[in-house]
Every structure is written in C-alpha cells, then in structure tokens.
Amino acid sequence: MKVALLSGGVGGARFARGLVDVAGDANVTVVGNVGDDVEVLGLHVSPDLDSVVYTLAGLNDEERGWGRAGETWEALGTVSALGGEDWFRLGDRDLGLHLVRTQALRAGEPLSAVTARIARSLAVETRLLPATDDRLRTWIETPEGDFPFQEWFVARGHRDPVDAVRFEGAEDAGPAPGVLEALERAEAIVIAPSNPYVSIWPILAVRAIRRALEARRVPAVAVSPLVGGRAVKGPADRMLARMAGGTTPAHVAGCYEGLIDALVVDESDPAAPLAVRAVVTSTLMTDLAASRRLAEAVLGAAA
C-alpha cells in the first residue's frame, strides 16, 4: 500500500519509523512540517525534518527524544562562553547537517532538494518532502504576547497558554515538488500522532495540500497524539483543552474536520461517538515493535 504521511515532532518521526518498517521504504512518502524551522547562529535548522531523517537513519537520541545520539556540545560551550546565542541547543554532530543545509540554501538550492540529498547521504531510502520550499513560520499567540514557535517552545519552555496559532507566509506558500503527486498517488493518507496545532496545521496551512485532502479519493486516517487524554510529551493536551475545550478523541477529530475518515485512539481514552470512525488500539510507541503494531493498525483502518 502506498502511503502519504503528514508528520511533525518526535511522535511523527517515531511513527514514520514503524510505518516504513511495515510498508517498506518505496511505499512511504513523508511530508514534513517546516513551521518549526528557525535560524540560529546564522544557520537554517529544520527540527521536524531532521527528526525524521535521524530516526529513519537510526541516528536519533532515544533518551532525549530529539537530536543525534552520541552528541557532544563543545561548539555550543564556546558560543555560550563568548556570550552568543545559546538558547537553542545545537550539538556538534547536528551542526554539521545545518552547515550543509544552510550553504546549499544560500546557493539557491530549494529545501526539498537539500532534504533529499541529506537523506540519501545518511542512507535513508524513504522519500522525505518538506510541505513547502517557501518560507512558512508558526507563530504562537498567548496572553503574554505573540512569539515565533521556537521562542515559545524552547526559550519560554511552552509555559504560556496558547490562544491561537498563525502561519506566517502561508498565503503565498506552495507545496514542495512531489507533495501533491504523493497525495494523489497514495492509497492511504495518514496523519501521524503529532500535535495538531503546531505540527500538522502548518502543513495544512499550505492551501493546495489542504485542498488535496478535502478532495481525496482514498481513506485518510489520523492518529491521536494523546494517551488517556494526556500528551506523551509536549503541550498538545494543554493546547487542546484551551483551544478546543477538551482532550477527548472528539476534540482531536475536530482538529481535522472534513479531512479524515477515521481516528486511531488509545485504548485508555474514553469511548464516545465521533463524527468519523474510531479505531481503538494501543498507541504508545515505547519501541520499534510498538511503532510497528500501531502502523499495522493504521494501515488496517485504511484498507
């Protein structure tokens, strides 16, 4: 089965690993969130794309949940000692990737081409596409003011309650080459267990991508990022409670109204009527075997 996966965050990367293990590299195209992208120390960082690349390459740090395993921090230590910008933690191994990406982008290479080249260099055979090659950035609106995503998430520790999100550049952003073709050729469209507001909505903010989901001719299945109404990691539950009014499967499904046909929810979440079909299973991805089982359940729901 050919699958187009919309993915963001650590949960998306872990699910992608299980999905690829089940469906095979040649049958999976990952469309990644770029709303989290940020410029740090003059370097272009794409955290969600990199999480997928590192995870599929077997290089991710499982303990921290982000970045590369076996990381060192000598460069960041020097930056800090010199009074430089050290709030966003870039490890030495990670810096190498950002240096290559930034050089290529400055030379005029689009993000999609750079991403494909980096993936090939790390022996990742799965096709990974940014949602857009254009500049699109997530902004978080809070009672304390509006912040770029990474400032709110990292520098401020995502403590501020969120009133709304917006996506700078979305009105002019077009899908990256290959994205619409992947959605058109897919036999199933899957939304990973990612934070709807800041991991998936930036992808859907690209109007042509949203329209493609609205006009889909194949099943679309989303995986809830909550387990027992709580986020495994990050602020998804707090954002849903404040912005959607609750953390039930119905509240998650409401984030994708008109875009999905089924929602995969954890067995610990309350059973309740949904506007779409509910598929109940264990969604906690503690290891590759658990990610595989979840992917199998999702593909079964899309069959």
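Counting begins at 1 with the first residue of the sequence.
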Open item on the list: Could you go through Glu39 and Arg137, starting from their C-alpha distance and side-chain angles, then the distance that decides it, and tell me whether this counts as salt bridge (Lys or Arg N to Asp or Glu O under 4.0 Å)?
Closed with: CA-CA 11 Å; Glu39 287 70 41; Arg137 296 292 183 270; 3.0 Å; yes

- [ ] Determine, step by step, whether Thr247 and Asp237 satisfy the side chain to side chain donor-acceptor pair (under 3.5 Å) criterion, reporting the C-alpha distance in whole Å, the side-chain angles of both residues, the deciding distance to 0.1 Å, and the verdict.
- [x] CA-CA 6 Å; Thr247 60; Asp237 50 356; over 6 Å; no

Open item on the list: Using the rule given for side chain to side chain donor-acceptor pair (under 3.5 Å), can you reason through Tyr54 versus Asp94, listing the C-alpha separation, both sets of side-chain angles and the distance that settles it, and then say yes or no?
Closed with: CA-CA 10 Å; Tyr54 288 151; Asp94 199 27; 2.6 Å; yes

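Counting non-hydrogen atoms of other residues, nucleotides and ligands closer than 6.0 Å to CD of Gln103 gives a total of 12 or fewer. Counting heavy atoms of neighbouring residues, nucleotides and ligands inside a 6.0 Å radius, atom CZ of Arg166 exceeds 12 of them. Heavy-atom neighbours of Glu171 CD from other residues, nucleotides or ligands within 6.0 Å: above the threshold of 12. Counted within 6.0 Å of CZ on Arg242, heavy atoms from surrounding residues, nucleotides or ligands total more than 12; the atom is thus considered enclosed. With a 6.0 Å radius and a threshold of 12 heavy atoms from other residues, nucleotides or ligands, Arg230 has its CZ atom at or below the threshold.
Under the 3.5 Å distance criterion, the side-chain polar atoms of Glu71 are matched with a main-chain donor or acceptor of Arg93. Panel note: side chain Ser80, backbone Leu76; no donor-acceptor pair is recorded below 3.5 Å. Checking side-chain atoms of Trp152 against main-chain N and O of Asp160 turns up a donor-acceptor pair under 3.5 Å. Checked by atom type and distance alone, the side chain of Asp36 never pairs as donor or acceptor with a backbone atom of Pro47 at under 3.5 Å.
In this structure, Arg64 satisfies the cation-pi test against Trp66, with its NZ or CZ atom closer than 6.0 Å to the six-membered ring centre and inside 45 degrees of the ring normal.
Legend: residues meeting salt bridge (charged side-chain N to carboxylate O under 4.0 Å, His left out) with Glu187, ordered by chain and number and at least two apart, are absent. Every side-chain hydrogen bond (donor to acceptor under 3.5 Å, both in side chains) that Asp25 has, sequence neighbours left out, goes to Thr126.
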Indicate every side-chain donor-acceptor pair of residues 261-271 with a distance under 3.5 Å to a residue at least two apart or in another chain.
| residue | atom | partner | partner atom | Å |
| --- | --- | --- | --- | --- |
| Asp261 | OD1 | Arg216 | NH2 | 3.0 |
| Asp261 | OD2 | Arg216 | NE | 3.1 |
| Asp261 | OD2 | Ala220 | N | 2.8 |
| Asp266 | OD1 | Thr283 | N | 2.8 |
| Asp266 | OD1 | Thr283 | OG1 | 3.2 |
| Asp266 | OD2 | Ser268 | N | 2.9 |
| Asp266 | OD2 | Ser268 | OG | 2.6 |
| Ser268 | OG | Gly228 | N | 2.9 |
| Asp269 | OD1 | Gly228 | N | 3.4 |
| Asp269 | OD1 | Gly229 | N | 2.8 |
| Asp269 | OD2 | Gly228 | N | 3.3 |

